[in-house]
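All remarks here apply to the structure that follows.
Atoms considered below: every heavy atom in the structure, side chains included; atoms not considered: hydrogens, waters and symmetry mates.
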Amino acid sequence: MITEIAIEGFKSLEKVDLKLGKLNLFVGANASGKSNFLDALRVLQGVGYGFSIDEIFNGKPKSAVTEVWDGIRGGIARARFVGPAETQSDEPVAFRVRLRAPKGSHVFSYEIRVSTDRGAIASEGLKMDSRTLFEITPESSEWSDYAVLAENRHKTGRPAVHVLDFVLALEKAEERELEACVKLLSNMQRLSPSPEYLRTYGQVLRADRIGESGENFASLVKAILRSPDDRAAYTSWLQQLLGTEAEKVKILTGAVGEPLFALERGGIEFAAPVLSDGTLRFAALVSAFFQPDMPDIITIEEIENGIHPSRIRLLLELLKSQSSEDGPQVFATTHSPVVLAWLEEEDYSTTFFCKRDEDTGKSIVKPLSEIPHLIELVRKHSISEMFAEGWMEAAL
């Protein structure tokens, strides 16, 4: 789990420092910085995969061992924060995270600074609790050797925080935790289900994880339905979220055994091609929380897309319940006032309001709990109306 993150000089995130929870919601108008935050997480995911800086930002074609990596929107040329002319800086873009491995006893602090001009790592470091495992900067005696390794990391297949050449000797137990934290960085799943993929037959007979755009959705559901407990839980959530439209979840079979998602209502089967976009998106999002190969982190953009306002409360309940305890950490964006209306006060510390400053272009990202006077006001007024009418923007 990522417990804290600090981002400096990346896109509109000129300086952001946040404490995180299991479910983290980012709320704000379009172009307020929500998607840029998710892009920052993707940078860290690329680091965990061991990609070079060029590959992380500009993309990587499919290989024998990796899928296509789309890179970061705008590539490295658009990665640096651009503010007023008098505030321009050539400082590297910085990403700092505090990580706690699942059921781990240690806390890791990882930092990487990237020179967007050179398209290369400017420095990198890792601490375990208060102990420095490695810290490599241009002033380090090991820098020349490290720079060669860093630039060729994509060839060696060694992720950034696997630079054990510069790590103090670790006990085996500590090394396992280090490995778990590295895995956490890479084991993220971006979800943006597209009806185009959700309506098609699965390309494999069984899948343990859904694709980012919904590839092999039916194959995943087939795997879920094989477990009586998962079948019951998955069907229950769909019945609550979709009402009588989802009396039963089924998998139809194509000519050569390929699976196709379907719902049964009143004894009649409704295959994926005739289901609405919203129904399919709902079914795909729910399926992600029953994946046999569960990621450590799931990111979802605009969770309200295609979902009727009356069902948003149930969607939030799904995200809360499935991300708690041993579930994945969730990062989701929204610009729906209805989502805010169903939050509890305890959710405010990990619900972040995003606003773009018109003068500087930088994004201001604040937890609702730190917006002046908000908590006392929402006890008397509707938070969704305060958001829709622009009160929060004016308060920051």
Side-chain angles (χ1 to χ4, degrees), residues 38 42 45-46 48-51 55 59-73 157 183 186-231 233-235 237-238 241-242 245-246 248-264 269-303 305-307 318 322 328 330:
L38 297 188
R42 290 200 74 230
Q45 183 181 17
Y49 279 148
F51 293 160
E55 289 170 339
K60 186 179 188 299
K62 182 179 176 66
S63 71
V65 295
T66 62
E67 295 297 320
V68 173
W69 174 265
D70 291 332
I72 305 302
R73 291 176 304 128
K183 175 177 176 288
S186 62
N187 196 22
M188 298 186 197
Q189 182 180 33
R190 179 177 57 169
L191 284 180
S192 183
S194 167
E196 173 188 357
Y197 292 99
L198 302 178
R199 288 195 168 94
T200 62
Y201 285 94
Q203 298 302 302
V204 295
L205 296 183
R206 173 192 166 114
D208 289 339
R209 186 180 287 196
I210 191 173
E212 289 186 354
S213 297
E215 300 90 338
N216 288 317
F217 162 57
S219 305
L220 169 64
V221 174
K222 182 177 180 180
I224 293 171
L225 297 184
R226 287 181 175 177
S227 164
D229 290 343
D230 287 346
R231 172 194 287 267
Y234 179 62
T235 303
W237 276 110
L238 287 190
L241 294 167
L242 300 174
E245 187 178 351
K248 190 175 182 180
V249 180
K250 302 192 72 175
I251 291 295
L252 306 182
T253 303
V256 291
E258 67 274 34
L260 182 69
F261 180 82
L263 295 175
E264 182 178 307
E269 293 175 347
F270 295 86
V274 302
L275 295 174
S276 70
D277 289 0
T279 293
L280 287 170
R281 180 176 165 82
F282 237 178
L285 290 179
V286 176
S287 73
F289 291 96
F290 293 92
Q291 297 175 105
D293 180 18
M294 185 64 71
D296 290 306
I297 295 172
I298 292 178
T299 69
I300 310 169
E301 287 217 51
E302 310 301 353
I303 55 174
N305 281 353
I307 297 174
L318 170 73
Q322 299 303 116
V330 175

Do [X] and [Y] have side-chain heavy atoms sitting under 4.5 Å apart?
X      : Y      : value
Asn187 : Ile297 : no
Gln291 : Pro328 : no
Thr279 : Leu263 : yes

- request: Please find out if less than 6.0 Å separates the ring center of Phe217 from that of Phe261.
  value: yes

- request: Check ring-ring contact (aromatic ring centres under 6.0 Å, His included) between Phe282 and all other residues, then give those that pass, not counting sequence neighbours.
  value: none

task: Report the C-alpha distance between Ile210 and Asn216 in whole Å, list the side-chain angles of each, state the deciding distance to 0.1 Å, and finish with yes or no for side-chain contact (heavy atoms from CB on, under 4.5 Å).
output: CA-CA 6 Å; Ile210 191 173; Asn216 288 317; over 6 Å; no

Roughly how far apart are [X] [atom1] and [Y] [atom2], rounded to 0.5 Å?
X      : Y      : atom1 : atom2 : result
Ile303 : Arg281 : CD1   : CZ    : 9.0 Å
Gln45  : Gln189 : CD    : CD    : 9.5 Å
Leu205 : Lys222 : CG    : NZ    : 5.0 Å

query: Residues two or more places apart in sequence or in another chain: which of them pass side chain to side chain contact (heavy atoms under 4.5 Å, CB included) with Pro273?
result: Leu260, Ala271

- request: Show your reasoning for whether side-chain contact (heavy atoms from CB on, under 4.5 Å) applies to Ile224 and Ser287.
  value: CA-CA 8 Å; Ile224 293 171; Ser287 73; 3.9 Å; yes

task: Only one of Ser219, Pro259, Pro292 passes side-chain contact (heavy atoms from CB on, under 4.5 Å) with Arg206; say which it is.
output: Pro292

query: Is the shortest distance from a Lys or Arg side-chain nitrogen in Arg231 or Asp229 to a carboxylate oxygen in the other one below 4.0 Å?
result: no

side-chain contact (heavy atoms from CB on, under 4.5 Å) evaluation trace for Tyr234 with Val221: CA-CA 9 Å; Tyr234 179 62; Val221 174; 3.8 Å; yes

